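The block underneath contains the structure these notes are about, expressed in structure tokens.
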Amino acid sequence: MTTYFSGRSAAPRGAALAAALALTLTACSAADPAPADDAGSALSHIHGLGLRGDTLYVATHQGIHSPDADGRPALVGDRRDDFMGFTVAAGGDFLASGHPAPGDDRPADLGLIASTDAGRTWREKSLAGKVDFHALDTASDATVYGYDSAAGLLRVSPDGVTWDDRAALRALDIAVSPNAPDTVLATTETGMVRSTDGGRTFAPVSGRVLAYVSWAAPDALFGIDPDGVLFRGTGGGTSWTRVGTAPGGAPQAITAVDAGRLLIATQDGVYESRDGGRRFDRRMAAEPGDGGH
């Protein structure tokens, strides 16, 4: 296994970062998902990462995959849907959204679907044919937050079945506070915004432009910018300290497990850090895509 140390080279800031994020926000492809190779070829278009136990799960344009012993992606279950939004809830259930695989006669938008057996089988929970969530997260009280990218709207549910429409905003990713269920951060092309009223209203909290963000514990708030520069947040997202640069190019997803353990998907693979982002090991290969979401 190769270990990669995060670099300290300067990254573009300000308008350049905002422009890069604006491009990422509109990069969702309408093309059909490409078929994955059953023999374990590299994947492109990674949309989400999660752990159940110590097993890595990667939500992609071509289904949910886990790395085999050689770090090659192995399909979980038999669904090759385009999983756009994906999260692993505290109890271990998988929640996802996106689009069915080509040739499938289900509605074009999956709404919210759930799996209780680590992605081997799925059941419809709500909003089938109505919503494609591009970002999903859950609060400590099991509240589900979903960002509906087509409508530009945050939707919130106490149970994943009944939903309330909250703030309209243009965002790429969301992260819910691990100890304050009504506090949620969102990444936008002008900086971080935060809600403390369950997503009903948002206000700017930092000018730091990040693409993806994950908040696993009070001391485990991490974000990554469009150039792959990793930051650690404090003050509920008001302050961000640079940690380093993730290997592999532009980011596609980030999941913090705790203050030391991170999973980051970039253009050429999924990387794991166990020292807060200072060095990384590649867990699974990917092929360069055109910007994740």
Side-chain angles (χ1 to χ4, degrees), residues 21 24-28 30 47-50 59 81-91 93-100 106-116 122-190 192-205 210-216 223 236-237 253-255 292-293:
L21 183 54
T24 307
L25 283 163
T26 57
C28 177
H47 301 310
L49 304 167
D81 297 336
D82 181 6
F83 288 93
M84 296 299 301
F86 175 75
T87 191
V88 180
D93 289 358
F94 290 7
L95 299 177
S97 189
H99 314 287
R106 284 172 295 154
D109 294 329
L110 294 177
L112 185 71
I113 59 176
S115 173
T116 58
W122 294 84
R123 63 182 176 86
E124 178 186 313
K125 283 188 72 76
S126 58
L127 301 176
K130 298 177 181 178
V131 172
D132 164 27
F133 291 117
H134 278 207
L136 288 164
D137 202 3
T138 56
S140 57
D141 64 356
T143 298
V144 182
Y145 286 80
Y147 179 66
D148 178 351
S149 61
L153 190 67
L154 186 70
R155 301 180 189 267
V156 181
S157 172
D159 54 10
V161 177
T162 60
W163 293 84
D164 185 28
D165 294 348
R166 302 284 170 90
L169 73 164
R170 178 176 164 84
L172 181 61
D173 200 15
I174 59 173
V176 182
S177 167
N179 58 354
D182 285 336
T183 297
V184 57
L185 294 173
T187 62
T188 78
E189 58 199 276
T190 57
M192 299 298 300
V193 296
R194 183 175 65 189
S195 172
T196 57
D197 59 5
R200 293 173 179 84
T201 61
F202 281 85
V205 68
L210 301 172
Y212 304 106
V213 64
S214 184
W215 203 349
I254 182 172
T255 292
H293 289 72

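The first residue of the sequence shown is numbered 1, and numbering continues consecutively from there. For clarity, every value in this text was computed on a predicted model and none was experimentally measured. All values below come from the heavy atoms of this structure, side chains included, with hydrogens, waters and symmetry mates left out.
G50 and F86 make their closest contact through N-CE2, 3.9 Å (heavy atoms, listed as atom of the first residue, atom of the second, distance). Of all heavy-atom pairs spanning G223 and L210, the tightest one is CA-CD1, 3.9 Å. Pairing each heavy atom of G199 with each of Y145, the nearest pair is N-CE2, 4.5 Å. Considering every non-hydrogen atom in both A186 and I174, the closest pair reads CB-CG2, 4.2 Å. In plain terms, the two heavy atoms of D137 and A175 that are nearest each other are OD2-CA, 3.4 Å. Of all heavy-atom pairs between G160 and S126, the closest is O-OG, 2.7 Å.
Looking only at distances, a side-chain donor or acceptor of S97 sits under 3.5 Å from a matching main-chain atom of G111. When atom types are taken as modelled, the side chain of T187 and the backbone of Y212 share no donor-acceptor pair closer than 3.5 angstrom. Looking only at distances, a side-chain donor or acceptor of R166 sits under 3.5 Å from a matching main-chain atom of G198. The backbone N or O of F83 lies less than 3.5 Å from no partner atom in the side chain of D81, so there is not a single donor-acceptor pair. Although no hydrogens or angles enter the test, the distance criterion places a donor-acceptor pair under 3.5 Å between the side chain of S195 and the main chain of D197. Looking at H99, its side chain does come within 3.5 Å of a backbone N or O of A108 through a donor-acceptor pair.
Judged as a ring-ring contact (aromatic ring centres under 6.0 Å, His included), and not counting sequence neighbours, the contacts of F133 are W163. Taking D93 as the reference, nothing meets the salt bridge (Lys or Arg N to Asp or Glu O under 4.0 Å) condition, with sequence neighbours excluded.
A 4.5 Å side-chain heavy-atom check between L169 and L154 finds at least one atom pair inside the cut-off. The side-chain heavy atoms of T196 and D182, taken from C-beta on, include no pair separated by under 4.5 Å. You'll find the side chain of H47 reaches within 4.5 Å of the side chain of D82, heavy atoms only. In this structure the side chain of D132 never reaches within 4.5 angstrom of the side chain of D148, judged on heavy atoms. A 4.5 Å side-chain heavy-atom check between R170 and T188 finds every atom pair outside the cut-off. By the 4.5 Å heavy-atom criterion applied to side chains, L136 and L112 are counted as neighbours. Contact of the K125 side chain with the L95 side chain is registered, since non-hydrogen atoms from C-beta on lie closer than 4.5 Å. Considering only heavy atoms from C-beta on, V184 comes within 4.5 Å of F202 through its side chain.
With rounding to the nearest 0.5 angstrom, the CZ atom of F94 is 10.5 Å from the OG1 atom of T116.
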Next on the checklist: Would V205 and L185 count as a side chain to side chain contact (heavy atoms under 4.5 Å, CB included) here? Give the steps.
Outcome noted: CA-CA 9 Å; V205 68; L185 294 173; 4.2 Å; yes
Next on the checklist: Pair K130, D109 - check side chain to side chain contact (heavy atoms under 4.5 Å, CB included), show working.
Outcome noted: CA-CA 6 Å; K130 298 177 181 178; D109 294 329; over 6 Å; no
